[in-house]
Number of protein chains: 2
Amino acid sequence: MTHPLTLHLGSFIPLSAEEKTLLVDRAKVRQVKRREKILLAGEVCQHYSFVVEGCFRLFGVDDRGFEHNIQFAAENDWIADIGSFHTQKPSQLNIEALEKSSIFQIKQQDLYYLYTHVPKLNLIFKVLIELKYIEIQNRVLQNFSSTAEDRYLAFLDQYPNLSNRLPNTQIASYLGITPEFLSKIRKNIQLRG
Amino acid sequence: MTHPLTLHLGSFIPLSAEEKTLLVDRAKVRQVKRREKILLAGEVCQHYSFVVEGCFRLFGVDDRGFEHNIQFAAENDWIADIGSFHTQKPSQLNIEALEKSSIFQIKQQDLYYLYTHVPKLNLIFKVLIELKYIEIQNRVLQNFSSTAEDRYLAFLDQYPNLSNRLPNTQIASYLGITPEFLSKIRKNIQLRG
DNA sequence: GTTTACCCTTAATCTAGTTTAAGAAATCAG
DNA sequence: CTGATTTCTTAAACTAGATTAAGGGTAAAC
């Protein structure tokens with residue numbers, strides 16, 4: 001009855017039954033396997049994806065082939081390469097499921113159709129992008145807090161539910177350190193705390 | 001005659017004479033001295049500022065008192081703590097003029113007034129935020145490109161005009177290295193190139 | 001339900017970047 | 001124009017974090 005997507009978007013500004021129908025008709029459900037990628041670097045990001053269940057990572061690969069996690073998204077969060085989606089230029093990033101997941105996807109053309117037929121979505125998605133902007137800016141700030149240990153503690157604080165759920169390799173990649181060094185940090189914290 | 005602000009915003013979507021008037025009435029010109037701060041950490045960011053002339057930096061201060069530049073903004077660019085502006089929560093960041101500057105400022109309440117009276121500004125500012133999002137995401141990606149030298153070369157590429165204009169201390173703070181190490185990098189590049 | 005692939009930890013060695021210091025060069029305000 | 005402040009460079013000693021390697025543990029998949 002209550003569609004997860006209308007429930008989520010309606011929490012910003014209430015939506016009429018009509019508006020909900022327009023929305024639901026353009027959101028396609030999709031099951032994603034663990035390790036499956038829903039965006040490959042080189043492709044244009046064609047969808048905004050809303051996570052109903054599971055967990056994803058947005059990551060880039062550097063010149064030397066190392067992966068770097070930029071962002072995680074779990075239940076009730078959105079994931080997309082916002083840059084590629086809006087410019088329709090190839091993405092430099094990948095989006096991969098870290099767990100078996102279930103998502104709703106809205107295609108770029110459909111979102112722009114919805115923008116004109118449900119004008120309040122313009123406002124809602126402006127707010128969503130603002131929130132994502134704040135998230136990524138906090139990430140830049142967090143990277144400043146000098147030591148890797150400080151950054152790890154900040155990560156624990158910010159994602160208490162994800163820290164038990166994600167493998168250390170993924171957390172290390174997010175923090176910009178090696179898994180080995182994350183092990184060292186954990187040991188040091190244990191010895192003291 | 002052609003106001004810098006309407007010229008800039010009109011380049012996204014043309015504005016009527018009436019819309020221009022509404023806009024210009026709510027944009028206050030301001031002269032800013034070198035070193036003067038237009039946002040202090042702890043304050044709420046009350047303005048979007050459009051740079052007509054001069055140059056600004058957005059920066060945070062870490063636990064140990066070190067400053068870290070997140071973003072620069074020169075002519076025809078906007079600067080604000082988007083997070084603080086939209087949530088109306090205290091900012092963790094500062095905005096400081098790196099040169100004697102001239103700007104137009106729009107207050108938060110005025111921008112929201114304009115959103116309702118000039119609806120297309122909703123769309124224009126959504127695009128502006130998208131562009132800022134892409135800029136900061138590229139910054140996160142750039143920080144991945146392994147060595148500090150690579151990051152410096154990427155910086156030169158991305159801001160060819162700013163690299164001659166900014167002191168090395170500011171560039172080093174943006175790259176996340178010490179000015180001393182930036183000197184070393186420059187020397188190494190010279191010895192080879 | 002077991003085999004295979006992934007994941008975590010520890011430790012030794014190594015390196016990119018920091019710190020400290022100090023003199024030379026450039027820039028700014030009066 | 002000039003003194004004062006900021007900025008740039010060099011170099012030596014130091015440290016946070018990477019790399020490599022290797023053994024044991026855990027969870028996924030057939």
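Numbers restart at 1 for each chain; the letters A, B, ... are given by sequence-line order, proteins then strands. From a predicted model like this one, the values you see are computed outputs, not experimental measurements.
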For this session: Determine the sole option in A:Tyr112, A:Phe85, A:Tyr115 for which the ring pair (Phe, Tyr, Trp, His ring centres under 6.0 Å) test with A:Tyr48 is passed.
Result: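 By the ring pair (Phe, Tyr, Trp, His ring centres under 6.0 Å) criterion, A:Tyr48 pairs with just one of A:Tyr112, A:Phe85, A:Tyr115: A:Phe85.
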Exercise. For DNA chain C, what residues of residues 151-166 of chain A have any heavy atom nearer than 4.0 Å?
Worked result: none
Seminar exercise, completed: Residues in residues 169-185 of chain A with a heavy atom under 4.0 Å of DNA chain D, by number, are A:Gly176, A:Ile177, A:Thr178, A:Glu180, A:Phe181, A:Lys184
Exercise. Using 4.0 Å as the upper bound for N to carboxylate O, is an ion pair formed by B:Glu36 and B:Lys100?
Worked result: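 So B:Lys100 does not pair with B:Glu36 through a salt bridge.
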Exercise. Between B:Asp25 and B:Lys20, is the closest basic N to carboxylate O distance under 4.0 Å?
Worked result: no
Taking atom [atom2] of [N] as reference, at what distance in whole Å does atom [atom1] of [X] sit?
| X | N | atom1 | atom2 | result |
| --- | --- | --- | --- | --- |
| A:Gln190 | C:dC8 | CD | P | 14 Å |
| B:Arg186 | C:dG17 | CZ | C1' | 17 Å |
| A:Lys187 | C:dA11 | NZ | C1' | 8 Å |

Side-chain donor-acceptor pairs under 3.5 Å in residues 156-163 of chain B, sequence neighbours left out?
unit_1, atom_1, unit_2, atom_2, d
B:Gln158, OE1, B:Gln142, NE2, 2.7
B:Ser163, OG, B:Pro160, O, 3.2

List the atom pairs, with distances to 0.1 Å, where a side-chain N or O of residues 134-141 of chain A and a protein N or O form a donor-acceptor pair under 3.5 Å, not counting sequence neighbours.
unit_1, atom_1, unit_2, atom_2, d
A:Gln137, NE2, B:Asp81, OD1, 3.2
A:Arg139, NE, A:Ile70, O, 2.7
A:Arg139, NH1, A:Tyr174, O, 3.3
A:Arg139, NH2, A:Asn69, O, 2.7
A:Arg139, NH2, A:Tyr174, O, 2.9

List in chain and number order the residues that pass salt bridge (Lys or Arg N to Asp or Glu O under 4.0 Å) with [X], two or more places apart in sequence or in another chain; answer none if no residue qualifies.
| X | value |
| --- | --- |
| A:Arg165 | A:Glu75, A:Glu99 |
| A:Lys33 | none |
| A:Arg151 | none |

Problem set entry | Which atom of B:Ile177 lies closest to which atom of B:Ala148, heavy atoms considered | CG2-CB, 3.8 Å
Measure all distances between protein nitrogen or oxygen atoms and nitrogen or oxygen atoms of nucleotides 23-25 of chain C, and list the pairs falling under 3.5 Å.
none

Problem set entry | Base-pair map of DNA chain D as dot-bracket, where | denotes pairing with a different strand and pairs are Watson-Crick or G-U under 3.5 Å | ||||||||||||||||||||||..||||||
Exercise. When clusters are formed from ILVMFWY side-chain contacts under 4.5 Å, directly or step by step, what else is grouped with A:Phe66?
Worked result: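 Its cluster mates, by chain and number: none.
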Seminar exercise, completed: Contact span of DNA chain D against chain B, any nucleotide atom under 4.0 Å from a heavy atom, 5' to 3', runs D:dT6 to D:dA11
Exercise. Can a donor-acceptor pair be found between the side chains of B:Ser173 and B:Glu67 at a distance below 3.5 Å?
Worked result: no
Please output the side-chain donor-acceptor pairs of residues 119-129 of chain B that fall under 3.5 Å, not counting sequence neighbours, one pair per line with the distance.
unit_1, atom_1, unit_2, atom_2, d
B:Lys120, NZ, B:Pro14, O, 3.1
B:Lys120, NZ, B:Glu19, OE1, 3.1
B:Lys126, NZ, B:Glu130, OE2, 3.4

